[in-house]
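What's counted below: heavy atoms across the whole structure, side chains too, no hydrogens, waters or symmetry copies.
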Amino acid sequence: MPDTNPPSYLIVIERADDGGYGAWAPDLPGCGALGDTIEDAEREMREAIAFHLEGLREQGEPVPEPTAVAAVMLTTPAA
């Protein structure tokens with residue numbers, strides 16, 4: 001029976017030097033994805049997380065519980 005309340009992992013999306021975007025999950029070291037747009041990076045990251053968790057389960061490794069709960073974009077004055 002599928003899990004009816006799957007964990008929610010925070011992802012961080014950053015603009016890359018080439019104009020694309022990179023994404024990673026603080027609770028899942030080594031799990032990342034790239035995309036041409038923010039939407040692409042998010043979609044690729046969803047797939048990467050599913051693949052990452054499947055790999056952990058297949059190897060008998062524990063699946064990390066999500067600990068990161070929010071991200072906030074802060075604007076600071078120029079130094």
Side-chain angles (χ1 to χ4, degrees):
M1 173 179 222
D3 189 354
T4 57
N5 193 17
S8 295
Y9 291 98
L10 178 96
I11 65 169
V12 177
I13 300 175
E14 301 173 310
R15 187 184 325 263
D17 291 338
D18 68 1
Y21 294 86
W24 55 282
D27 291 322
L28 301 171
C31 184
L34 302 172
D36 292 332
T37 66
I38 292 172
E39 294 79 14
D40 289 342
E42 182 180 337
R43 184 180 61 253
E44 293 294 326
M45 194 61 191
R46 287 179 188 277
E47 293 177 15
I49 288 172
F51 183 74
H52 188 83
L53 297 179
E54 180 181 323
L56 289 173
R57 289 182 188 108
E58 286 177 359
Q59 295 174 13
E61 297 289 328
V63 173
E65 288 293 323
T67 60
V69 294
V72 177
M73 180 70 73
L74 297 177
T75 303
T76 59

Using a strict 4.0 Å threshold on nitrogen-to-oxygen distance, state whether E42 and R46 make a salt bridge.
yes
Can a donor-acceptor pair be found, under 3.5 Å and without considering hydrogens, that links the side chain of D40 to the backbone of L34?
no
Are F51 and M45 grouped together when hydrophobic residues (ILVMFWY) are joined by side-chain heavy atoms under 4.5 angstrom apart?
no
Given C31, which of L56, L53, I11, I49 fulfils the side chain to side chain contact (heavy atoms under 4.5 Å, CB included) condition?
I49
Main chain of Y9, side chain of D27: is a donor-acceptor contact present, judged purely on distance under 3.5 Å?
no
Would a 4.5 Å heavy-atom cut-off, applied to side chains only, mark S8 and P66 as touching?
no
Of the non-hydrogen atoms in L10 and V69, which two are nearest, and what is the gap between them?
CD1-C, 4.4 Å
If hydrophobic clusters are built from ILVMFWY residues whose side chains come within less than 4.5 Å, do V63 and L28 share one?
yes
Shortest non-hydrogen contact from A23 toward I13
CB-CG1, 4.0 Å
Side chain Y21, main chain A33, donor-acceptor under 3.5 Å:
no
Can you establish whether the number of heavy atoms outside E47 located under 6.0 Å from its atom CD is more than 12?
yes
